[in-house]
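Written below as structure tokens is the structure these notes are about.
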Amino acid sequence: GLLFAVLTLGFVRFFIWSGIYKRYPISLAYPLSAIFFPGVVLMAWAMGEAIGAMQVAGATLVMAGVVLLRLR
């Protein structure tokens with residue numbers, strides 16, 4: 001089940017990123033692909049894995065970086 005979820009997330013990520021890439025320049029599209037890293041943390045939490053402060057902080061930093069790039 002876990003392998004299927006990981007593979008599915010990878011395929012979904014690829015198709016969403018491809019759609020974003022078609023509409024926006026690569027300088028915006030590539031950082032937006034990083035929003036899937038917090039998604040992985042959420043998936044791990046949903047599957048019962050213990051999520052610590054470092055994982056939450058890392059996901060928050062990734063999202064903050066994406067927001068900062070989008071605002072420039």
Side-chain angles (χ1 to χ4, degrees):
L2 179 59
L3 179 60
F4 178 74
V6 170
L7 290 174
T8 301
L9 182 62
F11 282 116
V12 169
R13 177 182 171 187
F14 174 77
F15 286 112
I16 289 174
W17 186 81
S18 295
I20 291 171
Y21 177 65
K22 288 178 184 177
R23 292 183 179 94
Y24 298 100
I26 191 74
S27 62
L28 290 177
Y30 189 73
L32 284 175
S33 70
I35 64 174
F36 288 94
F37 294 115
V40 171
V41 173
L42 286 173
M43 180 183 276
W45 174 76
M47 298 187 94
E49 186 174 327
I51 302 299
M54 294 299 283
Q55 287 90 351
V56 172
T60 302
L61 284 173
V62 167
M63 291 307 299
V66 170
V67 168
L68 286 174
L69 283 172
R70 183 67 180 117
L71 292 176
R72 66 174 187 104

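Under a 4.5 Å side-chain heavy-atom cut-off, the cluster of Ile, Leu, Val, Met, Phe, Trp and Tyr residues that includes Leu7 is completed by Leu3.
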Distance-only criterion, 3.5 Å: show the donor-acceptor pairs between side-chain atoms of residues 37-56 and protein atoms not counting sequence neighbours.
{"from": "Gln55", "atom 1": "OE1", "to": "Gly52", "atom 2": "N", "distance (Å)": "2.9"}

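Shown here are the side chain to side chain contact (heavy atoms under 4.5 Å, CB included) partners of Val12, two or more places apart in sequence or in another chain: Thr8, Ile16. Tyr21 is linked by a ring-ring contact (aromatic ring centres under 6.0 Å, His included) to Trp17, counting only residues two or more places apart in sequence or in another chain. Contacts of Leu61 classified as side chain to side chain contact (heavy atoms under 4.5 Å, CB included), with partners at least two apart in sequence or in another chain: none.
Under the 4.5 Å side-chain contact rule for hydrophobic residues, Leu2 and Leu9 share a cluster.
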